[in-house]
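Each remark here refers to the structure printed beneath this line.
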Amino acid sequence: MLIACNHASYLDPLVNAYAVVRANRRPRFLAKDDLFRAFGIRWAMRGTHQIPVSRGTGDQSPLRNAEAALRANQVVVVYPEGTVTDRSDGLPMEGKTGTVRLALAAGVPILPMVSWGSAPVWQKSGPGSLRPRRPVRVRVGDPFDVTGRGVSIDDHDAVRALTEELMVVLTAEVEVLRTAYPPGWASR
């Protein structure tokens with residue numbers, strides 16, 4: 001299963017992992033390689049077999065490793081944006097094409113899973129809020145199937161168009177959560 005998530009907070013991997021574990025599966029995240037060298041978590045990243053990504057290098061081995069995991073019936077979790085959003089409204093930014101290319105290569109649909117409420121807790125900049133009992137909501141959408149569309153992984157324009165469509169789907173799911181978020185809890 002390939003899961004694509006929005007990325008509003010550094011807390012998101014914990015929230016998304018919890019949701020996947022609750023579904024009795026073990027998630028494997030594509031994660032920036034800095035985390036595999038960071039004191040205190042490098043052992044966890046390696047021990048749980050997460051997939052390191054050297055951003056900006058063009059290295060294709062993370063996609064090959066993720067494809068192998070998908071073919072082994074494992075759950076791979078990706079953040080198509082490649083980083084925490086910097087939009088002031090907290091909605092997803094433009095996505096990178098790797099998620100769609102991975103789905104095409106592995107022949108699997110993409111399951112959108114979004115969350116809302118985590119940004120005030122642990123964000124990219126500014127003070128975090130550890131206000132107790134803050135609700136963080138997760139929503140899983142319908143599978144986004146790119147495999148039956150006759151798109152080649154080498155057709156950059158078609159892959160870009162599918163990526164834009166995926167980001168529209170993720171944004172719509174986030175907006176559902178944002179609209180239903182409990183009043184009184186500033187979420188962004």
Side-chain angles (χ1 to χ4, degrees), residues 1-23 25 27-32 53 55 66 70 75-104 106 108-149 151 157-188:
M1 178 182 313
L2 176 59
I3 299 175
C5 304
N6 67 312
H7 204 358
S9 164
Y10 293 126
L11 185 63
D12 293 334
L14 297 174
V15 170
N16 299 137
Y18 180 73
V20 172
V21 169
R22 290 282 311 238
R25 301 295 299 269
R28 293 193 63 195
F29 287 81
L30 279 117
K32 64 182 178 178
V53 176
R55 297 189 301 185
L70 289 168
V75 175
V76 174
V77 182
V78 297
Y79 296 99
E81 301 161 271
T83 189
V84 175
T85 187
D86 61 8
R87 287 182 51 159
S88 61
D89 60 5
L91 295 176
M93 302 181 298
E94 180 178 348
K96 311 257 189 255
T97 60
T99 305
V100 168
R101 289 186 295 129
L102 179 56
L104 289 169
V108 298
I110 301 166
L111 188 66
M113 181 168 69
V114 299
S115 60
W116 189 260
S118 62
V121 178
W122 195 2
Q123 54 203 349
K124 215 171 193 176
S125 63
S129 169
L130 295 177
R131 185 174 168 193
R133 303 176 61 86
R134 174 178 300 282
V136 176
R137 303 283 166 82
V138 175
R139 178 180 171 86
V140 176
D142 293 328
F144 179 74
D145 195 358
V146 298
T147 60
R149 300 197 189 192
V151 172
D157 292 337
V159 170
R160 167 57 46 207
L162 286 172
T163 299
E164 289 171 6
E165 193 177 333
L166 171 63
M167 298 314 292
V168 167
V169 168
L170 288 174
T171 300
E173 294 291 346
V174 170
E175 287 175 332
V176 169
L177 283 181
R178 183 173 70 169
T179 301
Y181 199 74
W185 286 92
S187 183
R188 261 245 176 229

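Residue indices begin at 1 and follow the sequence shown. Hydrogens, waters and symmetry mates play no part in the numbers below; they use all other heavy atoms, side chains included.
Taking both residues in full, the closest heavy atoms of M113 and I3 are given as CB-CG2, 3.6 Å, listed atom of the first, atom of the second, then distance. Looking at every heavy atom in both residues, V146 comes nearest to V100 through CG2-O, 4.4 Å. The minimum heavy-atom distance linking S9 with V84 is given by the pair N-CG1, 3.9 Å. Between P112 and V169, the closest heavy-atom pair is CG-CG1, 3.9 Å. Between P80 and M167, the shortest heavy-atom distance links the atoms CB-SD, 3.7 Å. Taking each heavy atom of A4 and I110 in turn, the nearest pair found is CB-CG2, 3.5 Å.
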Does L104 form a side chain to side chain contact (heavy atoms under 4.5 Å, CB included) with R149? I'd like the steps, not just the answer. CA-CA 10 Å; L104 289 169; R149 300 197 189 192; over 6 Å; no
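Side-chain contact check for N16 versus P27: every heavy-atom pair is 4.5 Å or farther apart. By the 4.5 Å heavy-atom criterion applied to side chains, C5 and D12 are not counted as neighbours. Side-chain contact check for E165 versus F144: some heavy-atom pair is nearer than 4.5 Å. Counting only heavy atoms from C-beta outward, the side chains of T85 and N6 never approach each other to under 4.5 Å.
Within the 3.5 Å criterion, the main-chain N or O of H7 finds a donor-acceptor partner in the side chain of E81.
Within the model, atoms CZ of R178 and CZ of R137 stand 15.5 Å from one another, a figure rounded to the nearest 0.5 Å.
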